[in-house]
Amino acid sequence: MGEAPAFFVDHLGNGHTNGFGVKSEPKKRDTSVQIGDRSYVIGGIHEGNPLFLGVQIHDKITNKWSSPTVLGTGPKPCKGYSAIVLKNGRVLVIKKDSASDDSIWFLEVDSLFVREQRKLLGKEVVAWSKGVRGNAEKPIVISGPSGVGKGTLIAMLMKEFPSMFGFSVSHTTRAPRCMEKNSVHYHFTDKTVMEKEIKDGKFLEFASVHGNLYGTSIESVEVVTDSGKRCILDIDVQGARSVKASSLDAIFIFICPPSMKELEDRLRARGTETEEQIQKRLRNAEAEIKAGKSSGIFGHILYNDNLEECYKNLKNVLGIDDDAPVNGVEVEGINLPKEHTVTKMEDEILIEETGEGTKKKTIVLDLSSINGGAPGRTRGIDLDMVKSS
Ligand SMILES: Nc1ncnc2c1ncn2[C@@H]1O[C@H](COP(=O)(O)OP(=O)(O)OP(=O)(O)O)[C@@H](O)[C@H]1O
Ligand SMILES: Nc1nc2c(ncn2[C@@H]2O[C@H](COP(=O)(O)O)[C@@H](O)[C@H]2O)c(=O)[nH]1
């Protein structure tokens, strides 16, 4: 077992069976925590993939080992981990000898999201959520009928604030338009592949829209948040409803056209759909606008008549005024020591360097303002070096 603070409960004994009758020895880098009747062993390799960190569960009552479905992109295996049980079914995992933008992780073993997914997938589930430093803002969900100008407004935001906003690249089974690039505009995919990935719990939401399958993978949201940017989702009303019902805490904005006639003109002028597809999108638009206005999903409804005016209103809703810092706020890099002890004091975790050498770091991890969590990332991490002596 890895080095563990004194208050860790470790009932692994001298090796254990993994539920499939195979005796497996705890690896040197593994760390375990005890929650109720279960031990969660964090470490080793997940499903033979050296890029993923494995999680195993030992049930004291049944004396069985199981490998849960691990959702979200977790930390890459490293030299060792410290782990502490937090409230709300979360385990704080600190990577040893790591840079601060990749050191703080949360393994959710019984959070709201995990409980939802467990019910949905009908199997044991845990989920990773990376801790992001600073006050990264909530993700933004933008919906509205096809052709209203969502993509245009999002492109304007990303152009003006390239380091502040990032786009969640959706998956779709529709064919690419001539200017669209795979993995930039969409992850263009096959229906059977996408259906399998949905079944495996890889999607935050999905919906059948205008005859094709569209969906937001958990990874797409994580990629944006990990880059320190605020994530924007361009999804239909059904998808927005699913996100609203999920534990992703987001801002919901609905864009309305000035009239159905104008919407039709924009769709035609864009020239990307056949006449039949335009008719289908217009038929769906009526129901979408009705739902957008009356469902209570959307906290903000904006009219896209004059583009510049609508863009100004959008920035207003997002709290961006003309003095907003274009490049976000810089946070000081702090490296987590290879050898350390971890002590929990309410919402503060003290990380104290141990081992050889004279200069010892003490780092305070303040979790009092954390928000968000899986799916996506845990924001509001405050990490401060208090002593280096
Ligand atoms: N305020 C506006 N006035 C006139 N034209 C606009 C306005 N906003 C966007 N457009 C144009 O309308 C067309 C549709 O816009 P856009 O592709 O951004 O819509 P969308 O809501 O993203 O559609 P979809 O949901 O199908 O992806 C584009 O050609 C765009 O240039
Ligand atoms: N529920 C979801 N809806 C999505 C997603 N990505 C896009 N969309 C919506 O689909 C329509 C049509 O898009 P188009 O690119 O074919 O014109 C539009 O309303 C988008 O908002 C998604 O991941 N989930």
Side-chain angles (χ1 to χ4, degrees), residues 139-159 167-189 194 197-198 202-221 224 231-246 248 250 252-274 277-289 291-292 297-298 302-314 375:
I140 304 153
V141 171
I142 300 189
S143 296
S146 176
V148 73
K150 303 178 297 294
T152 308
L153 289 160
I154 293 169
M156 288 166 85
L157 262 184
M158 308 253 300
K159 188 168 176 218
F167 184 62
S168 154
V169 179
S170 293
H171 283 62
T172 183
T173 59
R174 87 150 161 74
R177 294 173 186 145
C178 63
M179 297 303 284
E180 284 179 332
K181 290 197 181 81
N182 193 28
S183 306
V184 174
H185 297 94
Y186 280 105
H187 297 290
F188 294 100
T189 184
M194 191 163 161
E197 289 179 347
I198 290 170
K202 299 222 160 95
F203 281 79
L204 167 63
E205 64 76 31
F206 59 90
S208 172
V209 190
H210 317 311
N212 286 297
L213 196 53
Y214 292 77
T216 308
S217 70
I218 295 172
E219 190 179 353
S220 295
V221 177
V224 176
C231 185
I232 307 180
L233 284 76
D234 172 348
I235 59 178
D236 87 317
V237 175
Q238 306 169 75
R241 186 175 281 116
S242 303
V243 175
K244 184 95 176 179
S246 82
L248 189 85
F252 293 80
I253 303 170
F254 190 79
I255 314 285
C256 276
S259 66
M260 288 305 286
K261 167 80 175 63
E262 175 65 20
L263 187 69
E264 183 169 352
D265 289 349
R266 285 182 197 173
L267 267 179
R268 279 189 206 294
R270 189 169 73 181
T272 49
E273 270 72 35
T274 62
Q277 286 161 347
I278 289 174
Q279 290 307 330
K280 191 181 233 175
R281 285 177 182 236
L282 286 173
R283 275 196 305 276
N284 292 339
E286 308 231 6
E288 283 203 79
I289 294 168
I297 299 170
F298 299 94
L302 301 179
Y303 280 83
N304 184 17
D305 188 353
N306 177 292
L307 183 60
E308 287 304 327
E309 232 166 73
C310 185
Y311 181 55
K312 206 169 151 213
N313 292 336
L314 176 62

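Just so you know, ligand 1 is whichever comes first in the structure, and atom 1 is the first atom listed for that ligand.
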Check this for me: does any side-chain nitrogen of one of Arg177 and Glu273 sit under 4.0 Å from a carboxylate oxygen of the other? yes
Using a strict 4.0 Å threshold on nitrogen-to-oxygen distance, state whether Arg266 and Glu262 make a salt bridge. yes
Ring pair (Phe, Tyr, Trp, His ring centres under 6.0 Å) partners for Phe254, two or more places apart: Phe298
Which residues satisfy the ring pair (Phe, Tyr, Trp, His ring centres under 6.0 Å) test with His210, sequence neighbours excluded? none
Test your reading of the structure: does [X] have an N or O sitting under 3.5 Å from an N or O of ligand 1?
X: Gly147; value: yes
X: Arg177; value: no
X: Asn306; value: no
X: Asp234; value: no
X: Gly144; value: no

Within 4.0 Å of some non-hydrogen atom of Gly151, the atoms of ligand 1 are 18 (O), 20 (P), 22 (O)
Checking Arg174 against Thr172: is there a side-chain donor and acceptor pair closer than 3.5 Å? no
Do any heavy atoms of Ala269 fall under 4.0 Å from ligand 1? no
Among protein heavy atoms, which sits nearest to [atom], and what does the distance come to when rounded to 0.1 Å?
atom: atom 5 (N) of ligand 1; value: Arg266 NE, 3.5 Å
atom: atom 24 (P) of ligand 1; value: Arg270 NH1, 3.5 Å
atom: atom 26 (O) of ligand 1; value: Ser146 OG, 2.6 Å
atom: atom 18 (O) of ligand 1; value: Thr152 OG1, 2.5 Å
atom: atom 8 (N) of ligand 1; value: Asn304 ND2, 3.1 Å
atom: atom 19 (O) of ligand 1; value: Gly149 N, 3.1 Å

Looking only at atom types and distance, does a side-chain atom of Asn304 sit under 3.5 Å from a main-chain N or O of Cys310, one as donor and one as acceptor? no
Would you say the side-chain atoms of Gln238 pair up with the backbone N or O of Ser208, donor to acceptor, closer than 3.5 Å? yes
Of all the heavy-atom pairs spanning [X] and [Y], show the shortest one and how long it is.
X: Gly147; Y: Leu263; answer: C-CD1, 3.6 Å
X: Phe206; Y: Leu213; answer: CD1-CD1, 4.5 Å
X: Met156; Y: Tyr311; answer: O-OH, 3.2 Å
X: Ile255; Y: Pro145; answer: O-CD, 3.4 Å

For Phe252, does the CZ atom sit with more than 12 other heavy atoms under 6.0 Å from it, leaving out its own atoms? yes
Set of residues that line ligand 2, where lining means a heavy atom lies under 4.0 Å from it: Gly144, Lys150, Ser170, Arg174, Arg177, Tyr186, Glu205, Ala207, Val209, His210, Tyr214, Gly215, Thr216, Asp234, Ile235, Asp236, Gly239, Arg270, Arg281
Mind checking whether Asp305 contacts ligand 1 via backbone (N, CA, C, O), side chain (CB onward), both or neither, at a 4.0 Å heavy-atom cut-off? backbone
Have a look at ligand 1 and work out which part of Pro145, if any, has a heavy atom under 4.0 Å from it: side chain, backbone, both or neither. backbone
Not counting sequence neighbours, list each pair that qualifies as a side-chain hydrogen bond (donor to acceptor under 3.5 Å, both in side chains) and has a residue in residues 144-153. Ser146-Arg281
Glu264 and Arg268: salt bridge (Lys or Arg N to Asp or Glu O under 4.0 Å), yes or no, with the steps? CA-CA 6 Å; Glu264 183 169 352; Arg268 279 189 206 294; 2.6 Å; yes
Taking the minimum heavy-atom distance to atom 20 (P) of ligand 1, which of Lys150, Met156, Arg281 ranks first? Lys150
